[in-house]
Asker: 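Following this message is one structure expressed as structure tokens.
Note on naming: letters A, B, ... go to the chains in the order of the sequence lines (proteins, then strands), and numbering restarts at 1 for each one. No experiment lies behind these values; they were computed from the predicted model shown. Hydrogens, waters and symmetry mates play no part in the numbers below; they use all other heavy atoms, side chains included.
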Amino acid sequence: DAGVIQSPRHEVTEMGQEVTLRCKPISGHNSLFWYRQTMMRGLELLIYFNNNVPIDDSGMPEDRFSAKMPNASFSTLKIQPSEPRDSAVYFCASGQTGPEETQYFGPGTRLLVL
Amino acid sequence: GEDVEQSLFLSVREGDSSVINCTYTDSSSTYLYWYKQEPGAGLQLLTYIFSNMDMKQDQRLTVLLNKKDKHLSLRIADTQTGDSAIYFCAEKRQAGTALIFGKGTTLSVSS
């Protein structure tokens with residue numbers, strides 16, 4: 001299996017621009033997570049989908065952030081408009097619900113908003 | 001508190017054992033996990049332990065769980081320079097919820 005695939009790997013944009021991050025989970029997994037990692041705040045859960053349905057979006061910072069999962073093999077995280085404080089590494093992870101529920105992380109997207 | 005707590009840094013010499021400690025919060029947590037993050041990479045699942053176990057060993061890794069004190073540790077035997085990374089502890093509190101991660105412990109291994 002290719003693992004969790006994220007694109008782009010790096011994104012540099014200007015303040016006010018729209019940013020779209022993409023994730024392809026591991027085939028057969030039914031849970032998908034978006035995290036944000038910064039030096040100051042560590043690893044933060046933004047949103048969690050189960051069977052394509054958002055279960056917990058309490059970590060989404062504000063209305064500028066939105067996430068979708070139109071099918072089991074694709075998810076997007078959109079920031080519009082972007083701000084410099086959104087600069088971070090954004091990780092997508094997937095897993096299979098069950099007793100163990102381990103999560104497998106993608107390589108991340110490094111976002112820099114100027 | 002509500003957080004999973006870890007010490008921020010650990011420095012060891014190559015060949016020594018490393019012990020990374022973690023305190024979690026929910027006594028009903030079912031599974032506890034250790035992840036490793038190398039520079040510029042995502043988090044890699046290292047190992048996990050079910051809450052009714054006290055210990056789990058996997059090659060150079062030994063996980064110890066003290067459920068009474070809600071304390072989890074990861075011991076790396078014969079630490080190598082390739083073990084230098086950030087190690088995250090995480091707990092699963094309830095079925096159908098996301099993992100709760102600590103802020104990570106940076107392990108530095110000197111030769």
Asker: Contact part of B:Q44 toward chain A, heavy-atom cut-off under 4.5 Å: side chain, backbone, both or neither?
Answerer: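 No part of it gets close to chain A.
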Asker: So which bits of residues 34-47 of chain A come within less than 4.5 Å of chain B, counting non-hydrogen atoms only?
Answerer: A:Y35, A:Q37, A:R41, A:L43, A:L45
Asker: Do B:L45 and B:Y87 share a hydrophobic cluster, counting only Ile, Leu, Val, Met, Phe, Trp and Tyr and linking them when any side-chain heavy atoms are less than 4.5 Å apart?
Answerer: yes
Asker: With sequence neighbours excluded, give me every side-chain hydrogen bond (donor to acceptor under 3.5 Å, both in side chains) pair touching residues 101-111 of chain B.
Answerer: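 Matches after skipping sequence neighbours: B:Q6-B:T105.
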Asker: Can you check whether anything in residues 102-114 of chain A gets within less than 4.5 Å of chain B, heavy-atom wise, and list it by number?
Answerer: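 Only A:T102, A:Q103, A:Y104, A:F105, A:G106, A:P107, A:R110 of residues 102-114 of chain A have a heavy atom under 4.5 Å from chain B.
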Asker: Which pair of non-hydrogen atoms, one from A:F33 and one from B:A98, has the smallest distance, and what is that distance?
Answerer: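 Residues A:F33 and B:A98, closest heavy atoms: CE2-CB, 3.7 Å.
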Asker: Could you tell me whether A:K68 atom NZ has more than 12 heavy atoms of other residues or ligands within 6.0 Å of it?
Answerer: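 No, not enclosed.
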Asker: Examine B:Y31 and B:M53 and state if one hydrophobic cluster contains both, with Ile, Leu, Val, Met, Phe, Trp and Tyr joined whenever side-chain heavy atoms are less than 4.5 Å apart.
Answerer: yes
Asker: Any link between A:M60 and A:L21 through a network of hydrophobic side chains (Ile, Leu, Val, Met, Phe, Trp, Tyr) touching at under 4.5 Å?
Answerer: yes
Asker: Are B:L46 and B:L10 grouped together when hydrophobic residues (ILVMFWY) are joined by side-chain heavy atoms under 4.5 angstrom apart?
Answerer: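 Looking at the clustering, B:L10 is in the same group as B:L46.
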Asker: Is chain A contacted by the side chain of B:F88, its backbone, both, or neither, given a heavy-atom distance below 4.5 Å?
Answerer: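 Just the side chain, heavy atoms under 4.5 Å.
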Asker: For chain B, which residues of residues 12-19 of chain A have at least one non-hydrogen atom nearer than 4.5 Å to it?
Answerer: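 Against chain B, none of the residues of residues 12-19 of chain A fall inside the cut-off of heavy atoms under 4.5 Å.
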Asker: If you draw a 6.0 Å radius around CG in B:D69, do more than 12 non-hydrogen atoms from other residues or ligands fall strictly inside?
Answerer: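 For B:D69, atom CG is crowded (more than 12 foreign heavy atoms under 6.0 Å).
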Asker: Under 4.5 Å from any heavy atom of chain A, what part of B:L99 do you find: side chain, backbone, both or neither?
Answerer: both
Asker: I need the minimum non-hydrogen distance between B:G42 and A:F91, along with the two atoms involved.
Answerer: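 Minimum heavy-atom contact is CA-CE2, 3.3 Å.
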Asker: Any link between A:F65 and A:I55 through a network of hydrophobic side chains (Ile, Leu, Val, Met, Phe, Trp, Tyr) touching at under 4.5 Å?
Answerer: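 Result: no, two separate clusters.
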